[in-house]
Structures are given as C-alpha cells and as structure tokens.
Amino acid sequence: MQGSFQSIARPAIAESFPPERQEVRRRHVGSSEAAALFNLSPHLTRLELYLRKRGEIPEPDLSGNEAVSWGNYLEPAIGQAVADRTGWAVRKVHRYVTHPAVEGMGCSLDFEILNHQRGPGVLEIKTVDRLVFLREWPDDLPPIHHELQLQHQLACTQRTWGAFGVLVGGNHLRVIPYERHLGAIARLEREVESFWREVQEGREPRPDYRSDLAALCARYRETRRGSFLDLRGSSRARELCDAYSAAADAERDARQRREAAKAELLDLIKTSETTWIDGYCIHAGTVEGSSVSYVRKPYRSFRVNKAARAGRSH
C-alpha cells in the first residue's frame, strides 16, 4: 500500500522561529526539553532550563549548528520514506501544540499520522550514526530522553500512539511504533507543573556541578566592574581551589606523559602506517594538506587503539 505525504519545502538553512513563536516556546516546556526536568537530557540540565525560562540566560543560537541544519534538510525525505514504506498518510505539522489541561506544556511536532486504524498518531524523525544506534538504541528501544520527548508529544496531542522514523547511518530506515504510557505521561504533567511553580517563585534547582558549567558560565558571563569579594575565611572555597589546581597539574602532567609516549612510539614505528603491538594497534597515516579558509599543511594522524585480542599479529 502506497502512503501519502504532505509537506512544504524547507529553506536551505537551519530553521529559525519568528519572535512570536519564540515567545510561545519560552512560555512552555517543549518536548525536546522534557528530559531536562529529570536531568536525563544529554544536552540540557534542569538548572539551564530554569535559567532559560526566567530569561536569565539566552536560548542557544542553532543557526550555525551542522546537526540541526542537516536534520532540517533530511526531515522531509525521511518523512516521505516512512509514508512510502508503511503506507501511512503522513502530514507535516506547522502549528505549536499546547497541552489542553497543563499550562506551560507544549510541543512542536515533526509529522502527524492520519487515517490510521489505530487512530491518529505522531511521527518523530531522528538521524542517528550507526554506531550510536547500536550503542544507545538496544533492541530498537530509544534512549530515555527520546522516549520522554515522544511521551510529552502524546500528552499534548492526547493521542494514543506514535512512532520514531530513524535514519541510521544515512542509509537504513527504521520505523519504531511506540505506545502512550499513562504512568510516564502523568509524571511528566506533574513535573511540568512543579517546574513552573519553581520558576514563578524563584526557587532555583540545585546545580549539578558536573553538568552545569556551561549554564553557570552563561549566567555569570558579565562582571561588575571594580567589584571585589573576600572569601579568605571560606574553607570550601579553599578546598575547591586546591582541587582545581591539583586537577590542572594532573592534566598537564598527563598531557606531557602522553606526548612523551607518542614521541617514543613514533621513533619506534618511524614511517609505518599501521603497527600491531601486543594488545594494541597504532594507526598513523598521513593526512594530506588542503585549503579550507586557510592553507592546512599535511600532518601525521596518530591513534592508539586497544586491540580486540591481545597478541594478535599480521
């Protein structure tokens, strides 16, 4: 059965939203932000989301992001392929969808599925590197942040099912249907409501210092000229400075040991492109020079990989 597909040609640049659409998005937790509520997003923490929604740090500028640009280029083609392969009627969604009962919860959809025997559904498009898919999508199960994204969309649209259309490695399409999960949706709805209470009352989430460096750098980018702070009595500040200094010393020492090992290995392998060593394999080919926005000189690549089996030899 041949499916049908409705879309509008996208611009040949990364998609940007008009100011009014940006304001709507600022007043809602979107589906791509849902995992951040639980600090389960690889791209966004709850603190960073909080600071964005309060206007204390800006939204990221994605206009030069290659992954976003290529996602925009490929999305219509993948949507068309899903329609052709499944026989579904697939239509591009341009409206912003808000939750009918939870204020401040909304989403942008890639596509919607129409005239299906299970009722209307949502279609979320992904492009994934093959190795990443094998590592992060075991048994065709999406990573938790993608799963929460789709459940968030099902909550806003009140639909009972959806699917991922995943282009793996640029040449392999996987279509993965997914059911509405009532427990996950109830938790998402409660967490969105709790998050907006925090935003309105100014109750800032506790930073996760292993993940929140970028958010804190953005928040404290500007200094007060001539300001001074005396923390000489703070034992915690002294402990942190000791830890930072020790880590910097260890990083420098590790870099020097690595470079010394590389120099000695180069002296051992000389002009060999590939070298097998017990437990390791060294790839050290020549990368040809080229002209980018400047003339790049040839250089020697150098990778030391642990071998699959110790003692393997050619």
Any donor-acceptor pair under 3.5 Å linking the side chain of Lys53 with the backbone of Tyr50?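 Checking the backbone N and O of Tyr50 against the side chain of Lys53, no donor-acceptor pair under 3.5 Å is found.
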Can you tell me if Arg180 uses its side chain to pair, donor with acceptor, with the backbone of Leu154 under 3.5 Å?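 Yes.
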Do [X] and [Y] belong to the same hydrophobic cluster, where Ile, Leu, Val, Met, Phe, Trp and Tyr are linked whenever their side-chain heavy atoms lie under 4.5 Å apart, directly or via other members?
X      : Y      : result
Ile185 : Leu109 : yes
Leu51  : Phe195 : yes
Ile57  : Leu49  : yes
Ile78  : Val90  : yes
Leu231 : Leu240 : no

Taking the basic N atoms (NZ, or NE/NH1/NH2) and the acidic carboxylate oxygens, is any pair closer than 4.0 Å for [X] and [Y]?
X      : Y      : answer
Glu251 : Arg258 : no
Asp208 : Arg210 : no
Arg197 : Glu193 : no
Glu239 : Arg236 : yes
Arg46  : Glu33  : no
Arg52  : Glu48  : yes

Given the rule in the side chain to side chain contact (heavy atoms under 4.5 Å, CB included) test, do Leu266 and Lys262 qualify, once you have shown the distances and angles that lead to the verdict? CA-CA 6 Å; Leu266 278 171; Lys262 178 179 177 180; 4.3 Å; yes
Please tell me whether Trp137 and Phe164 form a close aromatic pair, meaning their ring centres lie under 6.0 Å apart.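 Close enough - the centres of the two rings lie under 6.0 Å apart.
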Is the centre of the His172 ring less than 6.0 Å from the centre of the Phe133 ring?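 No: the rings miss the under 6.0 Å criterion.
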Decide side chain to side chain donor-acceptor pair (under 3.5 Å) for His283 and Glu273; before the verdict, give the C-alpha distance in whole Å, the side-chain angles of both, and the deciding distance to 0.1 Å. CA-CA 6 Å; His283 302 278; Glu273 183 175 58; over 6 Å; no
Go through the steps for His152 and His99 under the test side chain to side chain contact (heavy atoms under 4.5 Å, CB included), then give the verdict. CA-CA 9 Å; His152 186 110; His99 194 290; over 6 Å; no
If you count every heavy atom of other residues, nucleotides or ligands that lies below 6.0 Å from [X] atom [atom1], does the total exceed 12?
X      : atom1 : value
Arg238 : CZ    : no
Asp139 : CG    : no
Gln256 : CD    : yes
Glu59  : CD    : yes
Glu264 : CD    : no
His181 : NE2   : no
Arg203 : CZ    : yes

Does the side chain of Lys126 pick up a donor-acceptor pair with the side chain of Gln149 at under 3.5 Å?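 Note: Lys126 and Gln149 side chains meet the donor-acceptor criterion.
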Would you say the side-chain atoms of Asn39 and Thr45 include a donor-acceptor pair closer than 3.5 Å?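 Short answer, no.
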With heavy-atom distances below 4.5 Å as the criterion, would you say the side chains of Phe111 and Glu124 are in contact?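 The answer is no; the side chains never approach within 4.5 Å.
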Show your working on side chain to side chain contact (heavy atoms under 4.5 Å, CB included) between Arg85 and Leu173 and close with a plain yes or no. CA-CA 9 Å; Arg85 298 283 182 88; Leu173 180 67; 3.9 Å; yes
Steps toward side chain to side chain contact (heavy atoms under 4.5 Å, CB included) verdict (Arg25, Ser108): CA-CA 9 Å; Arg25 289 165 64 89; Ser108 296; 3.4 Å; yes
